[in-house]
There are 2 protein chains.
Amino acid sequence: MDRGRSKDDEATGRPTLKTLAFMTGLGVTTVSRALKDAPEIGAETRRRVQLVAKQIGYRPNRAGVRLRTGKTNVISLVLNTEHEIMSFVSDIIYGVSEVIADTPYHLIVTPYSRSQDPLDPIRYLVETGSADGVIISRTQPNDPRARYMLERGIPFATHGRTDMGLIHPYHDFDNYAFAAEAVRHLAGIGRRRLALLAPPVELTYYRHTLNGFTDALSEVGASEIPFNTVSIDHSIEQIRMRTAQVMRRDVRPDGFISSAAAATLAIVAGIEDAGLKLGRDVDVVSKQSSELLHLFRRELLVVNENFRLAGAELARSVLGWIGGAAPGTLQSLSVPSKVQAYRHPN
Amino acid sequence: MDRGRSKDDEATGRPTLKTLAFMTGLGVTTVSRALKDAPEIGAETRRRVQLVAKQIGYRPNRAGVRLRTGKTNVISLVLNTEHEIMSFVSDIIYGVSEVIADTPYHLIVTPYSRSQDPLDPIRYLVETGSADGVIISRTQPNDPRARYMLERGIPFATHGRTDMGLIHPYHDFDNYAFAAEAVRHLAGIGRRRLALLAPPVELTYYRHTLNGFTDALSEVGASEIPFNTVSIDHSIEQIRMRTAQVMRRDVRPDGFISSAAAATLAIVAGIEDAGLKLGRDVDVVSKQSSELLHLFRRELLVVNENFRLAGAELARSVLGWIGGAAPGTLQSLSVPSKVQAYRHPN
DNA sequence: CCTATATACTGAAACGTTACAGATTGTCAC
DNA sequence: GTGACAATCTGTAACGTTTCAGTATATAGG
């Protein structure tokens, strides 16, 4: 039985199970089991091993574990490099980081571009076994990525829901409630002809938003001014131009609902291009992820969406699934705040 | 000699060197060398192996490589979860992704919070050998992280320069030129009493910005109104309040230079809180990373900083260093665009 | 005293890769 | 025909971990 530390150990300085085995006078197997509280290890031995491990700062070698067990201790966040430009992305990342901070998990960011099949990065991750869990966004009602991962049995969570009759973890913002509340608020201040700047049609929350919008419209008896030639994915310039166009018509909106803060800047610019005034001729309710819109125009009405929270929830869900929880119990919906008008600081 | 595919091979379906060895009738060693164009492999054998590998979609097992060689094929981007809030972060990530997309590298995001020693995450990465290269931001003149990594010989690149007489790769925006140009522009439109909203003092580019500011001030014969009780790291509310205060004084700035777009919103709010008007009573030159400031107020004067480019340059630098290039050749400085006034989109 | 059983530990093998130290050919010079 | 040498190929070991199939010791039952 050879329990010596090899030359290499001394060189890298990094302690391994072998080092611990040598120091404690035990075998590597025993040390390995002692560290993970296996039942067949004596209580004192267990304590002794764990003490020594803590003292010398032992950390399991990720490559060793991964090679042996297939466990990567990696969560992958899959991002579209082009759409996700208005950078709530960083908030999601921070939210995820927060949650995995005191776990052995690392966060890897897997990008894909517009030109690619969104399934490509997922396939890569699954085929190469590069992650224990995956987080995706831009979720669609019938999402091939979710279907694919369900088939392969790899844990994931989606930012946004699907609508395929399949159960999986998700976190979503209640966009139905957002749109409905926005309509009610606008109606409450006398607005009657409302336009919706919606998410792109292919995403699930397009429907949610639209349903909330139309349901509340009929509830309050207001009418819709069609504004569906643009979505929040369009460029600032396009949204601005289309807004100006619609505002120059005889029958024009007196209220807008915008699903994204950046787009709201463009809507307001368009309104002003048409010579009209925010708060007088028209009101705008917008989602925002940071508190900046009110600095932009005080007349704006805002609803906050917390992406950091979303990131944290998504991470919790994936970890939960990896940990064996039932996917159906790992779903959460974030309730929108009330529509907020500007209030001067103190 | 046993060249059979094991049960496990069949189960996971993922081809390994052993699979390739079996298919080609060669030994694993030969296959391994053939794939990396080793010289002692016959030309035909090499082609044959590579053909088969391509056909069956062989991908080296990362854990195997990492365990054997220590090479992780990972670049780590180290981020502060609190300061880096105004999310040019996503742009940097996209820039990095872009560059490493067709390399075997993965990007992992390593966060740290304000409370922690910034050296902590770096130590972790180095001690656990979790990455082949590191990218850090919030660089300081005397940066312990850069020093530490230089000592350990781990390749890295800094966003921003250091000033320790040590050579390492960096990418930086020329903030000296930015501040100087901003002063000249303001002087050119008749502004004489300028205030600077600077980066936090501990960061290297604070000095760069300040030097550009003061040098150009004396060059054009304008004067400084002290505004150093806040920095761009302060909260929106604090900046706004301090701006309002200084604008209510008898001798008040007629020009601002702002190092960050979010802070600029606060400055403008403060100006308006004091009952003054942008473009008439005071002009503001601001850096921005997306084209949104002009939607906010047309009177703003902007200079663009491209963080996506920064991310790409940083990635290129780290990869270059890993690839053996001299650190001194992997430094780049991004030249600011001219100060831009608003132009209506035709 | 012997056997059965539980307790506490152990070495060997394997995950997929690469480095090392050969081994097997064939060719050429003499 | 022999030795030297280059050109190709090869098995073994090792990286650090966990799992499998044990082994040794003590305790208890009869």
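To find a chain, count down the sequence lines: A is the first, B the second, and so on, and within it residues start at 1. Computed over heavy atoms, backbone and side chain alike; hydrogens, waters and symmetry mates excluded.
- Using a 4.0 Å cut-off, some side-chain N or O of A:K36 falls inside it from OP1 or OP2 of D:dT18.
- Pairs passing the ring-ring contact (aromatic ring centres under 6.0 Å, His included) check and including a residue from residues 24-70 of chain A, sequence neighbours excluded, do not occur.
- At a cut-off of 3.5 angstrom, counting only N and O atoms as typed in the model, there is no donor on one side facing an acceptor on the other between the side-chain of A:T45 and the base of C:dA8.
- Of all the residues in residues 46-69 of chain B, B:Y58, B:P60, B:N61, B:G64, B:V65, B:R68, B:T69 reach under 4.0 Å from DNA chain C with at least one non-hydrogen atom.
- For B:K18, the side-chain atoms get nearest to C:dC15 when compared with the rest of C:dT10, D:dT18, C:dC15.
- Taking only side-chain nitrogens and oxygens, A:T29 never comes nearer than 4.0 Å to OP1 or OP2 of C:dT10.
- A:H159 and A:T139 share no donor-acceptor pair across their side chains, judged by distance under 3.5 Å alone.
- Ring-plane geometry between B:F307 and B:F88 is classed as parallel, the angle between the planes falling under 30 degrees on a 0 to 90 degree scale with a further cut at 60.
- Side chain of B:T158 to backbone of B:Y170: no donor-acceptor contact under 3.5 angstrom is found.
- B:T81 contributes a side-chain N or O that, together with a main-chain N or O of B:Y112, makes up a donor-acceptor pair within less than 3.5 Å.
- In this structure, the ring of A:H171 has its center no less than 6.0 angstrom from the ring center of A:F156.
- End-to-end axis angle of the helix from C:dC1-D:dG30 to C:dC30-D:dG1, using five pairs per end and rounding to 10°, comes to 60°.
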